[in-house]
Each structure stands twice: as structure tokens, then as C-alpha cells.
Amino acid sequence: MNTSSTPSDFLRTIISRDLAQGNISDVVVRFPPEPNGYLHIGHAKSSTLNFGLAAEYGGRCHLRFDDTNPETEDQIYVDSIKQDLRWLGFDWGEHEYYASDYFETLFEWACQLINKGLAYVDDSQENLIRLMRGGVTTPGVHSEFRDRSPEENLELFHAMRSGEFQDGSRVLRAKIDMSHPNMKMRDPLMYRIRHATHYRQGDQWCIYPFYDWAHGQSDAIEGVTHSICTLEFSTNRILYDWYLDALEISARPRQYEFARLNLDYHVTSKRRLISLVQEHVVDGWSDPRMPTLAGLRRRGVRPEAIRSFCQSIGTTRVDSSHHPSLLDHHIREDLNHLAPRIHCVQDPLPVTLSNWPNDHVESLSAPYWPHDIPREGSRTLPFSGELFIERGDFSEDPPKGFKRLTPGGIVRLRHAYMIRCTNVEKDDHGHVTRLVCEWIEGTQSGTKDSDLKPKGTIHWVDVHNSSEAIVRVYQQLLSVPSVEDDLWSSLNPFSLIEHRHARMEPSVTQDSLDQRYQFVRLGYYWRDGTCADSEKPIFNCIVALRDSSVKKDASSQPSQTQVVKDKTLQKKSTADQRPLTPNEEQWLRRSGLNRAVGLAIYGVSEAVAFFDAASASAPRVSVGNWMANHLLPALKDQSISDLPFGPNEFAELVQLADREIGSAHEIRETLKRMFDTGEHPAVLLSTIQESFVSDPETLKEIALEVLHEYEDRVEAYANGKVGLLGFFIGQVMRRVHGHANPKLIQEIVSQELARMTS
RNA sequence: UGCCCUGUAGCUCAAUUGGCAGAGCGCCUGGCUCUGGACCAGGAGGUUCCAGGUUCGAAUCCUGGCGGGGCAACCA
């Protein structure tokens with residue numbers, strides 16, 4: 001199976017830390033689909049993440065239906081989502097929840113916000129509200145209803161609930177900040193009026209909460225600790241926190257975002273999937289070409305493959321798109337040890353063996369498994385003078401490297417004999433209709449090697465002892481990696497290839513209907529469950545075998561030349577620096593600092609005065625560097641005057657660094673502690689250094705330990721790879737957990753190195 | 001144009017939190033084989049987006065720039 005190394009990603013880092021620091025005692029996550037469609041491969045990523053996290057950390061994962069929009073949601077989707085999740089192998093126990101079950105609580109909480117003056121009823125029209133929100137660079141304006149009293153708001157809100165108003169006539173909004181740089185904070189809507197029947201709550205409600213108002217609160221109600229959603233919600237996080245803070249409830253879930261799954265050559269947007277179904281481009285939601293779990297399932301993909309695919313792609317915050325070959329790889333890996341090998345000829349070409357004894361039928365025994373798979377079992381393969389081979393396995397005019405049958409050439413029929421092609425029969429159009437071949441006696445599979453060297457081995461079936469079948473081979477739905485402008489022109493016209501006259505070997509009739517096979521040299525297949533009543537059996541191709549003979553088509557990985565990744569472009573754009581103002585120029589000249597450092601200081605209020613004061617007793621350049629690189633960035637929101645220390649203490653710190661009383665690492669640590677305690681730098685530094693390994697003998701011991709452990713590298717060092725000095729220092733540093741002076745280590749390591757290699 | 005996120009091998013991700021830039025997939029070569037599969041061995045592929053700075057040492061910290069994505073639904 002695939003590499004079982006436990007995945008490491010930013011979420012696991014966060015959760016491990018929360019657990020270690022005691023921020024939480026149990027991990028509670030949730031998978032929150034809206035029941036308005038079928039689950040697809042993207043949901044598989046999200047659900048394996050959440051259910052996987054819960055399992056790994058011994059926590060739990062809730063299934064919550066985010067059903068706050070009565071107009072699009074339906075029980076059939078609830079049912080299909082549950083079915084798909086169970087199929088994937090996930091178990092949520094009794095933790096099945098519905099956001100709509102929280103409507104009453106949400107309503108009460110909204111009233112609380114109204115009472116606090118943090119929410120108001122707005123009678124403005126929809127498009128006016130939109131207009132008044134402003135744009136990304138222009139602030140919004142206040143609604144004329146923004147300053148209604150809590151009493152009036154409460155009364156109106158209750159009237160909204162009791163159905164006194166029409167759809168769209170009023171909304172409840174949070175009262176935040178109409179000029180907030182984040183658009184989501186410009187008095188977001190909390191409730192709309194919708195006189196619609198909810199699939200679960202019926203006509204109980206005519207006001208419905210929006211996502212932002214419902215989601216975080218639902219998380220809090222359920223005790224969710226980590227609320228993991230996709231990247232497009234990252235701008236919503238600030239609102240998520242605002243609502244929870246405003247409510248002052250004890251439960252405190254946190255939202256984290258990760259990148260959704262994109263699969264090249266597949267349609268992933270729900271809207272487009274719907275139109276494919278509605279326009280009958282595909283055979284419903286479970287068409288084997290669809291990226292829905294229902295489609296994947298019908299195609300024959302097993303949940304194990306989907307889960308291992310999802311684990312292998314990792315979890316990041318980077319928008320990325322995956323090539324389907326990776327999914328294919330996991331499907332094959334799953335099926336390789338599971339699917340017995342049988343013969344199927346998809347596109348039959350008749351072959352007559354001219355010298356085969358008349359009417360003789362030989363029963364050959366053929367193992368189901370190749371030598372490298374440790375499984376037992378075989379079946380009987382009837383063999384006579386009338387056979388079918390794959391049309392593509394014969395070529396009159398073979399390309400270079402063709403390893404199959406050619407006029408006059410020899411191939412082995414798998415599990416049977418070698419044959420030589422002696423004659424090619426064609427119709428009036430020059431189309432090959434039949435091959436006449438010579439049976440080569442004594443070449444049966446398993447017998448001693450003959451001198452003959454077949455070009456290759458091909459599969460076959462017996463004409464009179466085989467059955468017809470329909471075989472469907474699928475390719476990606478799109479002919480381009482992603483839909484550009486128009487879905488219809490992006491569709492791959494060859495996404496379904498149907499072989500109506502395929503021939504199967506006879507053993508198949510004895511197998512159970514849900515058996516998955518490898519059709520030798522073709523791929524993995526199984527019977528289409530939805531067509532059980534069809535006259536001929538219908539087989540779906542689950543995934544083709546890897547095929548290094550095929551010319552790569554449009555869906556192959558991009559070639560190196562195709563991908564320039566705009567690197568040249570990026571290079572060209574040298575950092576054009578903005579011109580300086582006269583004041584800035586004067587400041588730079590006066591301070592004697594370089595541009596970057598100088599401007600960093602100039603841009604922060606009080607920083608110039610701080611710099612001037614500090615540089616009275618310490619070198620200006622050092623003061624500048626330490627300020628720009630370490631002091632100012634650590635400031636975050638607070639201002640310089642809030643610091644528990646002043647410029648004089650800072651100057652002392654800089655001097656400690658300058659006189660090499662402390663290493664850069666130690667000085668940084670000292671500064672960090674000054675932020676917390678405000679204590680004197682020299683005192684802090686000496687306590688830090690006390691815990692340091694400063695005894696040269698001890699360090700020498702450790703250095704020798706390292707050098708012995710990495711003898712090969714010492715040799716490489718001796719041979720001129722002097723850059724390894726840094727590596728040795730690093731290793732010693734690691735062993736003392738950073739608690740030592742690097743310059744001292746360098747001295748010692750260099751000495752020992754010189755001794756060893758001289 | 002405002003705010004937020006994000007740039008590591010062709011692709012997707014790692015890198016013990018400042019210490020030798022690695023893995024899987026894909027690709028190429030060889031071996032094995034009665035599957036152009038699987039398996040085994042090897043290989044190519046990197047200016048860690050760019051330019052500066054701090055440091056004994058930077059993919060990692062700082063400044064500036066460039067590229068990509070998201071946000072202005074009475075959807076979620």
C-alpha cells in the first residue's frame with residue numbers, strides 16, 4: 001500500500017499544539033455539507049481530512065447538515081450524502097446534526113445582539129443595501145434604519161418571525177462598521193424573510209439565518225474545537241470571531257481554512273455538474289465520468305483508493321490543481337492485488353490458424369494471477385483454430401518499437417501458443433477482415449524455450465467459446481485541464497468509447513456480478529450495476545493500465561517546454577523602487593542607515609526618536625539593524641511607548657551584541673524576554689548564558705561525537721566540500737538545543753576537523 | 001485600487017521551526033517477466049518567485065517588489 005508515514009501539515013501542527021498546551025482536551029471537528037447536491041471528490045478530501053483528524057487524535061467528527069436555505073435543500077440529498085459517507089467508510093455515531101435544529105437558539109442569540117445594540121432591522125431594498133455597502137476602495141454608508149432603538153428592533157424582529165412581512169421587505173443586520181476594509185464586516189446580513197417550506201422544519205419558520213450567523217454558532221453549540229473549511233471563507237473568519245465574541249458564550253471554536261481540491265480535466269463546480277446532468281451530456285449524477293462519489297462508485301473505484309488518494313495530496317493553503325494520473329495511480333494500486341486477470345478482446349479481429357487440427361478444442365489451464373502476486377487460482381481457457389485478437393494488436397505497417405503482430409511476425413498468445421502471421425485478408429476498402437496465422441507446435445506456455453523470439457505477448461479469446469459483451473471505456477470529461485470560457489467547447493468528445501462487440505472468455509459467467517477484473521493488457525473493469533437487465537453484460541473500465549507505448553494525448557502531464565511558469569517574466573521585473581520624499585532622503589542621510597532599514601524605522605511613529613536616543617550610546621548601524629529586524633516586527637499592535645523598556649536599555653542590548661558578549665541568537669532571546677519582563681538586558685543575558693554549554697571540553701566532546709557519527713561527511717569535507725562546516729556546527733548546536741555560542745563551536749569544530757583530516 | 005491568503009523539482013507536498021533542500025507521482029535507462037502491467041535497481045530534473053538586509057549559517061526572520069487566488073449574493 002502507499003507510504004504510511006503520518007501526514008504532517010499545518011492543521012496537525014495546530015491541533016497538536018492546542019492539545020499540548022491544554023487549550024483543548026478533546027478534538028472535535030465537523031463535516032458540514034449543505035444538502036443541495038451530491039458529494040464529489042472534493043468532499044472526499046474534506047471528509048477524509050476531518051474524519052481522519054478525529055480518528056488520529058482520538059476525538060470525534062460530527063456530520064452536520066448546513067441546511068439554512070429552504071429553497072435548494074432536500075431530504076434526498078441528505079440521504080445520498082449519508083450513503084456516500086458510509087461508503088467511504090466514515091462513522092459519525094450519534095453525532096448527526098442539523099443547523100436547522102438550532103434555529104430557535106439562533107433566534108434567541110440574535111435577540112441578545114439586538115439588546116446589546118449590535119444588530120438592527122433594516123427596511124432597505126435589496127439593491128440599495130448592496131449599493132450602500134460601498135466598494136473595496138470606497139467606504140459604505142449607513143442605512144437610515146441603523147440607529148433604531150433595541151426595543152423597536154426587537155419588536156420588528158419578532159414581527160418578522162411571526163410572518164407579518166413579505167419576502168425581501170426587511171432583514172436583520174449586525175451593526176459593525178460600514179467602512180471596514182474587510183467587506184464582510186460592513187453590517188453583514190443575519191436573517192432574511194423567506195416564506196418557503198423547509199424540507200426538515202416545514203413551515204415553522206419564515207426567517208432564515210445566513211451562513212455566517214449560523215455556522216460559527218452551530219460549531220459553538222456542538223462544542224466543535226476546530227472548524228475546518230475551504231480557503232474562500234478566510235475573509236469570513238473575522239466575522240466568525242466577531243459573532244462569537246459578541247455573544248460571550250464560553251465555547252470557543254476556531255476556524256481554519258485549507259485549499260479545496262481541484263482535479264484537472266474534471267468539472268468540479270456544482271453549477272456545471274448540474275448543467276451536465278440537465279443537458280444529458282452524462283447519464284445522471286452517477287455517470288462513471290462524473291467526479292461525484294456516486295459516479296466513482298459506479299465506475300468501480302473502491303473507497304480505499306479514494307481515501308489513499310486524499311491522504312497523499314496533503315492539506316495546504318495553496319491553490320493547486322491535481323492531475324488525474326495521481327488518482328489513477330491509487331486506483332490501480334488498490335486493485336492490483338485484488339483483481340484476477342482474465343481475457344477480454346474489446347475490438348475483435350478474427351484469426352484462423354491454418355494448421356490447427358480440424359474442430360479440435362484444447363483446454364488450457366491459465367492462472368488468475370501473475371507470478372508476482374501471491375494468490376492461487378486458475379481457470380480453463382478453451383483454444384481452437386478460430387480466435388479473436390485485439391485489432392490494435394496487429395499492424396501491417398508497424399511503427400518503430402511495435403511489440404505485437406505484423407505480417408510474417410511471431411507473437412505469443414498469452415497462456416497458449418506462439419503464432420506467425422502468414423496472410424492478411426481485406427475487404428474492398430482495404431480494411432483488414434481476418435488474419436491467417438500458422439500455429440507453432442510445441443511452443444505452449446510453460447514448455448521449454450524454443451529458439452523462436454516472439455515480438456510480444458498478446459491476449460485472445462476463442463471464437464466459439466467466448467461471449468459477447470459491451471465494454472465502456474471512459475476518459476476525462478474535458479479536453480482541457482479546466483473549463484476556460486465555455487463548458488460545451490471544453491468537453492472531450494471521446495469521453496465515452498463503447499465497444500459493442502467485445503468478447504469475453506467463458507470463465508466470467510461463473511463469477512459473481514460485482515467481481516472486479518483486470519482485463520489483461522487493458523485495465524481494470526467491472527460490471528455496470530445499473531444495467532443488470534441488459535441482454536449482453538456491460539462492463540465499465542475502472543482505470544486503464546499504465547501504458548508506455550501510447551502516444552501521450554492532451555491529458556498527459558504538461559511537457560517541460562510548455563511550462564515556463566513566467567519565470568523569465570518575473571525576472572525581468574526588477575524591483576523598481578519608489579522615489580523618496582525629500583524628508584525621507586534627509587532622514588536617510590542624517591541617520592546614515594541603508595534604505596531598507598532607514599525606511600522601516602521612518603515609517604513607525606516614535607521610532608525615529610527612539611533610534612536617536614538609543615544611538616547616543618550605541619553604534620547607529622547596529623541600533624538600526626536591531627530595530628528594523630527584531631524590535632519593530634515584534635511590536636505587532638502595540639506602540640513603542642508601551643514597551644516595558646526604553647531606548648537606553650535597548651542601546652545596552654545592542655552593545656552586548658556589538659561587543660560579542662552575546663551571540664545573535666542569545667541577544668534575540670534576551671530581547672524576547674525584555675518584552676515580557678522589562679528586566680535589564682545584561683541580567684537577562686547572563687541568566688540565558690548560565691544555562692549555556694560554555695565549557696570548551698564539553699563542547700569538544702560533543703563535536704567529536706558528531707564528527708565520528710558523520711565520518712563520511714568528514715571525508716567529503718577533507719575532499720574539499722568545505723561547506724559542510726556549517727552542517728557540523730548545526731549538528732552540535734542541535735545537540736545542545738541551541739544553548740551554546742556558535743563562534744566557540746565553530747572554533748572547536750574547525751580545530752578538530754583540521755586534526756582529523758591532516 | 002482596499003483587505004486577506006499564497007509562491008520549494010514537470011505536478012502534488014515535506015524539510016525536526018534558523019543547521020546537508022527531500023518524498024510520492026510523472027519522465028528516462030537497465031534488470032526480471034509469457035501483461036508495453038506489476039516488481040527491482042539506477043538516473044535526469046532546484047538561483048526554494050525576484051532584489052536587498054540581519055546572521056557563523058536563511059526555503060525559514062526583516063524590508064521592498066513581482067506573480068497567483070479570494071472577498072463587494074436577501075447562496076453556502
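Chain letters run A, B, ... following the sequence lines, proteins first and then strands; every chain starts at 1.
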>> Holding to salt bridge (charged side-chain N to carboxylate O under 4.0 Å, His left out), I want the full list of residues that pass it with A:Glu126, two or more places apart in sequence or in another chain.
In response: none

Report all interatomic pairs (protein N or O, nucleotide N or O of nucleotides 58-62 of chain B) with separations under 3.5 Å.
unit_1: B:rC62; atom_1: O2'; unit_2: A:Ala628; atom_2: O; d: 3.2

> Which residues satisfy the side chain to side chain donor-acceptor pair (under 3.5 Å) test with A:Asn625, sequence neighbours excluded?
Replying inline: none

>> Base contacts versus sugar-phosphate-only contacts with protein, heavy atoms under 4.0 Å: please encode nucleotides 70-76 of chain B as B, S and - from 5' to 3'.
In response: BSBSBSB

> Pairing of RNA chain B as dot-bracket, 5' to 3': ( ) intra-strand, [ ] crossing, | other strand, . unpaired, with Watson-Crick or G-U pairs under 3.5 Å?
Replying inline: .((((((..((((.....[..)))).(((((.......))))).....(((((..]....))))))))))).....

> With nearest nucleotides of RNA chain B determined for A:Leu724 and A:Val318 from heavy-atom distances, which residue corresponds to the more 5′ nucleotide?
Replying inline: A:Val318

>> For a quick test of reading the model: is some side-chain N or O of A:Ser320 closer than 4.0 Å to OP1 or OP2 of B:rC13?
In response: yes

>> Holding to salt bridge (charged side-chain N to carboxylate O under 4.0 Å, His left out), I want the full list of residues that pass it with A:Glu660, two or more places apart in sequence or in another chain.
In response: A:Lys743

> Can you check whether A:Ser312 has a side-chain N or O nearer than 4.0 Å to OP1 or OP2 of B:rU12?
Replying inline: no

> Within the structure shown, what part of the strands sits under 4.0 Å from A:Phe402 by heavy-atom distance: base, sugar-phosphate, or nothing?
Replying inline: base

> So, is A:Arg341 close to the B:rG37 phosphate, meaning a side-chain N or O under 4.0 Å from OP1 or OP2?
Replying inline: no

> Looking for any heavy atom pair under 4.0 Å, which part of the strands does A:Leu545 touch: base, sugar-phosphate only, or nothing?
Replying inline: base

> Does the side chain of A:Asp167 pick up a donor-acceptor pair with the side chain of A:Ser169 at under 3.5 Å?
Replying inline: no

>> Under 4.0 Å, heavy atoms only, any strand: does A:Asn625 hit a base, just the sugar-phosphate, or nothing?
In response: sugar-phosphate

> Does a side chain donor of either A:Gln518 or A:Tyr368 reach within less than 3.5 Å of an acceptor in the other side chain?
Replying inline: no

> Around A:Glu232, counting heavy atoms of other residues, nucleotides and ligands shown, do more than 12 lie under 6.0 Å from its CD?
Replying inline: yes

> Is a side-chain donor-acceptor pair under 3.5 Å present for A:Asn236 with A:Tyr211?
Replying inline: no

> The side chain of A:Arg317 lies closest to which of these nucleotides: B:rU6, B:rA38, B:rC13?
Replying inline: B:rU6

> Is the closest side-chain donor-acceptor distance between A:Tyr120 and A:Asp187 under 3.5 Å?
Replying inline: yes

> Across the strands shown, which category fits A:Ser663 at heavy-atom distances under 4.0 angstrom: base, sugar-phosphate, nothing?
Replying inline: nothing

> In terms of side-chain heavy atoms of A:Pro370, which of B:rG36, B:rU35, B:rU6 is nearest?
Replying inline: B:rU35

>> With no hydrogens and no angle check, just 3.5 Å: does a side-chain donor-acceptor pair link A:His323 and A:Ser325?
In response: yes

> For A:Lys270, does the NZ atom sit with more than 12 other heavy atoms under 6.0 Å from it, leaving out its own atoms?
Replying inline: yes

> Would you call A:Glu709-A:Arg735 a salt bridge at under 4.0 Å N-O?
Replying inline: yes

